[in-house]
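As structure tokens, the structure follows; a few thoughts come after it.
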Amino acid sequence: MFPFFRIVVSSFWQHKVKTALLLAALLVELAYESFMPLSFKFIIDFAIVPRKYSLLLFILILLVSGALASVIIGIFRDRMFTRLGARIVSDYYKQLFKKLQSLPADFYHRVNGGDIVSRFNNDLLSIDAFIMLIPYAILSVMGLLFNVAILFFLQWQLALIAVIGLPLCLIGPKWFGPKAFEDSYRLKEEQAELTTVVQENVSAQPVIKAFGLQPLFIRRFDDRMVRYAKLAGQSSFSSFLIDRTTNMGTMLLNLATICAGALLAYFEILSIGSLLAFSSILISLSYLVAAVTWLAPQLIQAASGMQRVREIIEERPSLEDSEQALDMPLFHRAIEFKDVRFSYTPEQRSLNGINLTIPKGAYAAFVGASGSGKSTIINLLMRFYDPSEGSVRYDDTDIRDIKLQSLRSQIGIVFQESFLFRASIRENIRLGKPEASDEEVVQAARSAEIHDFIMGLPDGYDTDVGERGGRLSGGQRQRVAIARAIIRDPAILILDEATSALDPATESAINATLQRLTADRTVISVTHRLASAEHADCIYVLHQGEIAEQGSHQQLLQLPAGRYKQSWQKQTGFDISEDGYHVEVSAERLKLFPIFSEMEDSFLREISSFFATESYAKDRTIIHEGDPGDKFYVIVRGKVEVLKSDEQGNEARVAVLSDGDFFGEVALLRNVPRTASIRTLTPVVFVTLQREFFQDLLKKAPHLAAVMEDRSK
């Protein structure tokens with residue numbers, strides 16, 4: 001608990017004057033509450049017993065005056081404390097949010113996004129709740145100590161029975177309840193909006209870092225926290241008013257019994273013992289003990305929440321600008337990888353001795369299978385990570401000697417699933433260049449060929465794209481992302497699987513747009529679709545973290561048994577309709593599949609007519625392990641993952657398949673259960689062949705049936 005108390009005390013210490021005033025107000029309240037039981041001694045010993053009526057009236061007037069002063073000072077304290085407490089908690093929010101902007105990509109790979117958001121939703125709220133209870137905690141603990149001390153001086157003989165005044169305690173909830181509910185509801189709405197902003201920010205870290213948007217979003221978050229602090233203070237003050245008026249009712253009840261009892265005792269209607277019974281301090285002690293008991297769980301939750309918050313705030317970034325880091329001049333010569341090695345984990349090396357040079361104005365494409373190191377190239381170019389060995393250099397300057405913001409200000413990037421914020425189309429495009437004018441936004445949209453679509457919307461550029469851009473199609477979202485990258489007029493444009501998540505027709509249209517836009521820029525493209533790399537000046541074929549081949553499209557096709565040539569053959573041979581809903585597969589392409597390799601061309605042409613086209617959205621399970629096998633699948637466009645279950649029923653990925661890969665060929669020969677599940681990672685287009693059609697064709701060629709049966713054994 002000590003670190004928690006130290007942090008809270010230091011937070012209040014930053015506001016010394018207000019904290020001192022709050023403590024003074026608490027002491028006034030505590031003094032009055034402690035004076036209440038002591039007043040019996042003065043009333044009885046110095047006024048009633050000696051029969052000094054004027055002194056009695058003076059003491060009673062003093063009590064009433066003290067009560068009024070305590071109420072007024074208490075309301076002043078509540079108002080001041082709600083504002084100060086809300087400001088302190090807002091500072092915690094801002095400190096945590098600002099820290100998140102500075103943490104590198106590896107942190108977001110290590111820490112689950114939901115866990116980060118939970119530290120806002122749960123941990124900071126538990127701290128907030130306890131901080132607002134601090135005055136009552138102080139009053140309860142100190143009051144308990146003071147009242148225990150008073151018991152040494154007072155002897156109680158009667159128990160106080162006074163329930164007729166309890167309805168006074170219900171006036172506060174009656175008067176202020178609706179207002180407190182309304183304020184609380186508005187605050188919860190703001191908290192929900194805040195959670196959305198944080199979740200969106202965490203998910204969009206690649207975009208924010210790539211475009212250097214950290215200062216912009218910190219300013220926006222600060223503005224939001226001003227509004228949150230105002231609502232939080234107002235809601236807490238309304239809640240305190242309910243508690244304050246309830247306490248006033250209790251105070252009036254006690255005051256009435258003391259005054260009435262004193263007068264009755266003076267006129268010998270009520271005994272001295274009865275008067276003491278009316279003001280039994282034991283009841284007060286019972287309330288204080290209950291209050292302290294109730295506060296203990298709140299303290300524990302707040303302390304554990306503070307510990308989780310501090311874990312992030314004290315996280316040391318693995319990537320920071322070095323002291324000698326300088327602003328990067330305008331890129332003018334080349335990007336170089338010099339003997340670059342990199343590993344995400346000690347067990348597996350992602351890049352192994354990469355050496356390459358990308359001249360200014362060149363179009364470089366990186367291709368290869370999943371896990372070959374393509375995305376790692378992008379991560380190092382953007383300095384999301386630093387090489388384990390070797391160096392990445394821009395114009396002969398090591399990337400580690402360039403300020404991050406300076407580097408990323410010259411780069412535009414389009415991701416496979418570019419993140420759109422819940423804002424207007426105009427604001428999403430402008431994020432690429434926050435100071436851009438409306439005219440520049442329109443020009444960028446024209447360049448991305450989405451201006452006409454935007455103008456056809458009822459609200460035009462002010463149209464809200466929805467959460468994560470959900471109100472736009474995949475192609476429309478990608479064109480907005482392209483406009484966002486183009487508006488900053490980057491010297492270097494990076495395309496990270498920029499079209500692989502789109503349907504064939506949309507992919508073709510966007511590829512044409514990108515080809516036009518990249519004519520006068522340095523372009524670095526990462527893709528597993530070779531058609532997107534066909535026009536590159538140099539294609540780098542990655543395999544297990546190394547450059548297996550490099551050269552132009554035509555040069556690579558000339559390599560005998562080259563990886564690029566094999567992949568090109570695997571991905572070609574499909575005739576896709578303009579709308580992407582119908583695919584025809586050639587006999588030459590079928591011959592590349594082992595199961596069809598020994599068949600005659602005439603027979604393969606007949607088989608090709610029986611292939612059907614099937615399309616699936618992202619995150620669809622198309623085959624479950626154990627399902628009956630009835631067809632053969634060929635991936636025309638997209639990616640799928642192959643999953644197998646262990647003994648406990650947990651699924652694990654065993655492979656990723658993409659364009660040109662196939663599965664289920666055994667299903668053409670016999671009805672056997674599927675040995676794995678298949679789930680789409682992107683929108684996928686298949687061509688499939690049903691077993692019953694294939695078997696009917698084999699009946700016309702019994703010699704092929706015998707050959708295939710022998711091959712399958």
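These numbers come from a predicted model, not from an experiment. When a residue number appears, it is its place in the shown sequence, counting from 1.
Salt bridge Arg349/Glu389: present, at least one basic N to carboxylate O contact under 4.0 Å. A salt bridge is absent between Glu665 and Arg691: the closest approach of a Lys/Arg side-chain nitrogen to an acidic carboxylate oxygen does not fall below 4.0 angstrom. Using a 4.0 Å cut-off between charged nitrogen and carboxylate oxygen, Asp601 and Lys591 count as a salt-bridge pair.
Contact between Lys639 and Ser370 at its shortest, heavy atoms only, is NZ-OG, 3.6 Å. Scanning all heavy atoms of the two residues, the minimum distance from Ser532 to Thr527 falls at CB-OG1, 4.0 Å. Between Ile454 and Ala445, the shortest heavy-atom contact is CD1-CB, 4.1 Å.
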**OP:** Walk me through it: do Gln566 and Tyr564 pass the test side-chain hydrogen bond (donor to acceptor under 3.5 Å, both in side chains)?
**Re:** CA-CA 5 Å; Gln566 292 176 4; Tyr564 183 85; over 6 Å; no
Original post:
Taking it one step at a time, do Thr688 and Glu614 satisfy side-chain hydrogen bond (donor to acceptor under 3.5 Å, both in side chains)?
Top reply: CA-CA 7 Å; Thr688 63; Glu614 298 182 19; 2.9 Å; yes
Original post:
What's the verdict on side chain to side chain contact (heavy atoms under 4.5 Å, CB included) for Phe574 and Val685, showing C-alpha distance, side-chain angles and the deciding distance?
Top reply: CA-CA 11 Å; Phe574 302 102; Val685 178; over 6 Å; no
**OP:** Could you please spell out the steps behind the side-chain hydrogen bond (donor to acceptor under 3.5 Å, both in side chains) verdict for Gln476 and Ser473?
**Re:** CA-CA 5 Å; Gln476 291 158 0; Ser473 70; 3.3 Å; yes
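Annotation: salt bridge (charged side-chain N to carboxylate O under 4.0 Å, His left out) contacts of Arg521 (sequence neighbours excluded): Asp489. Partners of Phe419 according to the ring pair (Phe, Tyr, Trp, His ring centres under 6.0 Å) rule, which considers only residues two or more places apart in sequence or in another chain, are Phe421. Looking at residues two or more places apart in sequence or on another chain, you find a ring pair (Phe, Tyr, Trp, His ring centres under 6.0 Å) between Phe662 and Phe593, Phe632. Remark: Tyr344 pairs with Phe342, Tyr385 by the ring pair (Phe, Tyr, Trp, His ring centres under 6.0 Å) rule, at least two apart or across chains.
Among residue pairs with one or both ends in residues 673-685, those qualifying as salt bridge (Lys or Arg N to Asp or Glu O under 4.0 Å) are Asp630-Arg674, Glu641-Arg679, Glu651-Arg679; sequence neighbours excluded.
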Throw together a table of side-chain donor-acceptor distances under 3.5 angstrom for residues 537-545, partners on residues two or more places apart or in other chains.
residue, atom, partner, partner atom, Å
Asp537, OD2, Tyr363, N, 2.8
Tyr540, OH, Thr357, O, 3.3
His543, NE2, Arg563, NH2, 3.0

